Amino acid sequence: MAARGSVSHNALLSLLPRRAVSLLPRPMLSPRAPSRLLRPSKVLAMARRGFSSQEDDFASPNDLRFEPPLKIVEYPHPILRARNKGINTFDENLKKLADEMFDVMYKTDGIGLSAPQVGINVQLMVFNPAGERGEGEEIILVNPIVYRVSKKTVLFNEGCLSFPGIYADVERPASIKIDARDITGGRFRVNLSGLPARVFQHEFDHLQGVLFFDRMTEEVLSSIRSQLKALEVKYESQTGLQSPERIDDYKRRKEVAGFGRA
Ligand SMILES: CSCC[C@H](NC=O)C(=O)N[C@@H](C)C(=O)N[C@@H](CO)C(=O)O
Ligand SMILES: [Fe+2]
């Protein structure tokens, strides 16, 4: 296994099934607005600069400040719906943050974790589909961008660390092509399929403020409605605040329809 925090692009490639990926720019989904297809000229300019469309809104040192041990933020905390800033400082603090995210992910039996789930609103995710320290490969992705998803979709019974104990079916593309930066700031492109594609998409959604129940059918959503309400009640009694969202008043977010395709 590669050392924590230093998973290389090559390690990621060796882990995952891979088909040749064209280097030609293709329409890309912006992390700021996942449903928006960017113009090829804009994509090219962004690729040359090496940043996503959020370059005007990067995280400051203050945005990246954290106190270990990290705690998982649960639904319906508004942090999970807040905007997540891009990262352009690849320093020791970022490595420590990723390290701490792995710690809390393993402790809570997770296979992936996004920064907003630990209260840090930035474009960072970690995952290890093996779910055990010392097994599988630890992947860290910074400023990920999805530029292609497969037409083929698959159902999977998903759980989310921000919704403890709740599992339900979510349909997502079977495979996906992404651009991202690694923990040192190096850029790479990769194709994901199988469980890595599933975990990536779940975490990528978190980076857009999208939660797994936003992608459930009405029928599936009904099956977990009472559990979601219980979390809303728990939030209200713990914080003394009104829940910022209620499943009973739920209106599906337009941008999540069609897996981010306009
Ligand atoms: C299938 S994508 C799930 C990713 C999720 N990450 C953040 O919320 C996650 O790790 N969820 C866990 C509840 C999970 O899926 N855990 C595994 C291993 O225990 C499980 O099979 O429940
Ligand atoms: Fe989640």
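Everything numeric in this text was worked out from a predicted model, so none of it was measured. For ligands, and for the atoms within them, numbers begin at 1 and follow the listed sequence.
- Of the N or O atoms in L195, none lie within a sub-3.5 Å distance of an N or O in ligand 1.
- Close approach of ligand 1 to E158 is summarised as follows: ligand atoms under 4.0 Å from at least one heavy atom of the residue are 1 (C).
- The closest side-chain heavy-atom distance from L124 to M101 is below 4.5 Å.
- Below 3.5 Å of separation, one finds an N or O of I111 facing an N or O of ligand 1.
- Annotation: angle subtended at the Fe ion (ligand 2) by H206 NE2 and C160 SG is 110°, to 10°.
- Side-chain contact check for I166 versus F213: every heavy-atom pair is 4.5 Å or farther apart.
- Remark: ligand 1 and L161 share an N or O pair separated by less than 3.5 Å (distance only, no angle test).
- Taking a 4.0 Å cut-off on heavy atoms, F156 registers as neighbouring ligand 1.
- The G110 neighbourhood of ligand 1 comprises atoms 10 (O), with distances under 4.0 Å to a heavy atom of that residue.
- Under a 4.0 Å heavy-atom criterion, M105 is not in contact with ligand 1.
- The nearest protein atom to atom 4 (C) of ligand 1, hydrogens excluded, is given as E203 OE2, 3.4 Å; this is a heavy-atom distance.
- Using a 4.5 Å cut-off on side-chain heavy atoms (C-beta onward), P144 and F200 make contact.
- Looking at K95 and E92, a side-chain N of the basic residue comes within less than 4.0 Å of a carboxylate O on the acidic one, giving a salt bridge.
- The environment of CD in E236 is crowded: more than 12 heavy-atom neighbours from other residues, nucleotides or ligands sit within 6.0 Å.
- Between atom 2 (S) of ligand 1 and the options R172, Q117, Q201, H202, the minimum heavy-atom separation is to H202.
- In terms of heavy atoms, L80 sits closest to P116 at CD2-O, 4.0 Å.
- Taking a distance limit of 4.0 Å, we find that atom 6 (N) of ligand 1 is approached by some protein heavy atom.
- The aromatic rings of F163 and F212 sit tilted, their planes meeting at an angle between 30° and 60°.
- Side-chain atoms of E138 and Y106 include a donor-acceptor pair closer than 3.5 Å.
- The protein non-hydrogen atom at the shortest distance from atom 11 (N) of ligand 1 is G159 O, 3.0 Å.
- Nearest protein heavy-atom contact of atom 18 (C) of ligand 1 is D109 O, 3.4 Å.
- Taking the side chain as every heavy atom from C-beta outward, F58 and T89 never approach each other to under 4.5 Å.
- Heavy-atom contacts of R198 reach the following atoms of ligand 1: 1 (C) (cutoff under 4.0 Å).
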E245 and Y235: CA distance, side-chain angles, deciding distance, side-chain hydrogen bond (donor to acceptor under 3.5 Å, both in side chains) verdict
CA-CA 11 Å; E245 56 187 294; Y235 174 86; over 6 Å; no
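- Considering only non-hydrogen protein atoms, atom 21 (O) of ligand 1 sits nearest to Y167 OH, 4.5 Å.
- Ligand 1 lies nowhere less than 4.0 angstrom from a heavy atom belonging to F163.
- Contacts between F127 and ligand 1 below 4.0 angstrom, taking non-hydrogen atoms only, are absent altogether.
- Looking at H202, its N, O or S atom nearest to the Fe ion (ligand 2) turns out to be NE2.
- Note on E158 versus R172: salt bridge recorded, some NZ/NE/NH1/NH2 to OD/OE distance being below 4.0 Å.
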